[in-house]
2 protein chains.
Amino acid sequence: MIRTTDSRSADAAARALYGGARMSEQRSLIARAVLSATGAFTADELHHRLRETSPGLGLATVYRALAAMHAAGGVATVGERGGSALLAHCVRDDHHHHLVCTSCGDVISVDCPLGETALAAAARAGHLVTRHEITLYGLCARCLRAGGGA
Amino acid sequence: MIRTTDSRSADAAARALYGGARMSEQRSLIARAVLSATGAFTADELHHRLRETSPGLGLATVYRALAAMHAAGGVATVGERGGSALLAHCVRDDHHHHLVCTSCGDVISVDCPLGETALAAAARAGHLVTRHEITLYGLCARCLRAGGGA
DNA sequence: ACTGAAAGTGAGAAGCATTCTCATCTTGGA
DNA sequence: TCCAAGATGAGAATGCTTCTCACTTTCAGT
């Protein structure tokens with residue numbers, strides 16, 4: 001395997017994304033691309049990015065690696081863009097959601113805004129909420145300052 | 001056009017779903033199926049249901065009619081099931097969300113649980129939330145009483 | 001280091017929901 | 001009634017994602 005500078009710590013971080021499963025050179029590359037990604041990405045975007053340095057990498061491999069990381073909690077689905085799932089690197093293991101910046105694509109983790117009281121209306125009516133999905137879109141602080149609000 | 005009992009009021013209700021656009025026999029049938037649906041449905045489910053009485057009805061026609069109703073605000077996307085979009089009849093024109101009963105498929109409209117304070121965390125960090133999507137899954141009061149919680 | 005079974009890979013086919021194309025009706029205002 | 005805009009049905013096309021298959025790589029146990 002070709003090793004680059006800082007490969008040991010990068011390997012450890014990459015391996016962590018898969019939750020300790022078997023590691024291949026391709027999965028390592030994919031994990032590093034996920035770790036170095038700024039913000040959200042689609043599987044296809046990640047594949048294109050990786051193709052620049054690894055022309056032989058298959059799209060199915062990217063999907064499989066992302067699925068493995070998803071299962072291990074290393075990446076999360078944070079929304080959708082143009083019909084494709086938007087993914088992002090995520091290490092928080094507590095319950096939270098994501099704010100996707102529609103300007104730069106960056107992803108900010110936010111605490112779940114749904115508390116006991118917020119769901120009181122449903123509870124009062126006798127319903128039980130067992131699962132919820134929240135996706136937030138907006139502008140991150142940087143883009144907001146840069147004039148995104150103009 | 002074949003007319004059934006109560007067709008005049010049904011027509012009016014059906015027409016309203018499209019927001020006053022041109023009306024065809026097929027669109028009328030589709031709108032009535034939407035109005036009589038109990039809970040959420042996918043485009044394909046609706047098509048199958050309609051096929052029983054209207055064998056010639058095309059799937060594309062159902063998709064087009066649903067898109068028209070969606071644009072007019074007569075139906076809303078309330079979640080997803082097995083890769084297909086879950087739709088439901090919805091007439092509330094204020095901002096709200098939907099609770100999909102995972103047992104019977106019924107859909108309950110709920111007020112948006114996100115208030116000013118709920119988004120304070122994002123605001124404090126300097127971010128701006130411009131759009132959000134919330135999908136709630138759980139059990140409706142009826143299924144809960146019927147032992148769904150067992 | 002060697003071995004073998006389990007797991008990963010690449011290419012392309014397949015699956016699926018949804019949209020588009022096009023020739024042919026319908027609709028509804030003039 | 002007339003007719004242009006709009007709707008329809010069948011199937012092709014599209015795009016995302018998953019599966020298949022033959023082959024290669026990984027790694028625990030030796």
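Here is how names work: the chains are called A, B, and so on, in the same order as the sequence lines, proteins then strands, and each is numbered from 1. Everything quoted here is computed from the prediction, not taken from an experiment.
- For B/S84, the side-chain atoms get nearest to C/dT18 when compared with the rest of C/dG10, C/dT18, D/dC19.
- The separation between A/H47 atom NE2 and C/dT9 atom C1' is 12 Å, rounded to whole Å.
- Residue contacts for A/L59: at a heavy-atom cut-off of 4.0 Å it reaches a base atom on one of the strands shown.
- Protein atom CG of A/L66 is 10 Å distant from nucleotide atom P of D/dT17, rounded to whole Å.
- Comparing A/A65 and B/A60 by the nucleotide of DNA chain C that holds the closest heavy atom to each, the one mapping nearer the 5' end is A/A65.
- Positionally, the nearest nucleotide of DNA chain C for A/G58 lies more toward the 5' end than for the other of A/G58 and B/G83.
- The side chain of A/Y63 places an N or O atom within less than 4.0 Å of a non-bridging phosphate oxygen (OP1 or OP2) of D/dT17.
- For B/L29 and C/dT26, the CG to P distance is 14 Å, given to the nearest whole Å.
- Put simply, CG on B/L86 is 12 Å from P on C/dA17, counting in whole angstrom units.
- Checked against D/dC27, C/dG28, D/dG9, the side chain of B/R22 finds its nearest nucleotide in C/dG28.
- B/D44 and B/R51 are not joined by a salt bridge, as no carboxylate oxygen comes within less than 4.0 angstrom of a charged side-chain nitrogen.
- By the 4.5 Å heavy-atom criterion applied to side chains, B/R64 and B/T61 are counted as neighbours.
- Remark: C1' of D/dC16 and CZ of A/R81 are 15 Å apart, rounded to the nearest angstrom.
- Following rounding to the nearest Å, A/E45 (CD) and D/dT17 (P) show an atom-to-atom distance of 11 Å.
- Donor-acceptor pairing under 3.5 Å, judged by distance alone, is absent between the side chain of B/R64 and the base of D/dG6.
- Computed from coordinates, the B/E80 CD to D/dC16 C1' distance equals 14 Å when rounded to whole Å.
- Contacts of A/A67 with the nucleic acid, taken as non-hydrogen atoms under 4.0 Å apart, are absent.
- Here the side chains of A/R27 and A/L17 are not in contact, with every heavy-atom distance at 4.5 Å or above.
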>> Using the rule given for side-chain contact (heavy atoms from CB on, under 4.5 Å), can you reason through B/V100 versus B/L136, listing the C-alpha separation, both sets of side-chain angles and the distance that settles it, and then say yes or no?
In response: CA-CA 6 Å; B/V100 182; B/L136 305 170; over 6 Å; no

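- Comparing C/dT21, C/dT9, D/dC27 by their closest approach to the side chain of A/R15 singles out D/dC27.
- One finds no side-chain N or O of B/S24 lying less than 4.0 angstrom from the OP1 or OP2 phosphate oxygen of C/dT27.
- Neither OP1 nor OP2 of C/dT26 sits under 4.0 Å from any side-chain N or O of B/R27.
- Look at B/Q26 and you'll find a side-chain N or O under 4.0 angstrom from OP1 or OP2 of D/dG9.
- With respect to A/H98, the side chain to side chain contact (heavy atoms under 4.5 Å, CB included) criterion is satisfied by exactly one of A/I134, A/L86, A/V110, A/V107: A/V107.
- In this entry the distance linking NE2 of B/H70 with P of C/dT18 reads 11 Å, nearest Å.
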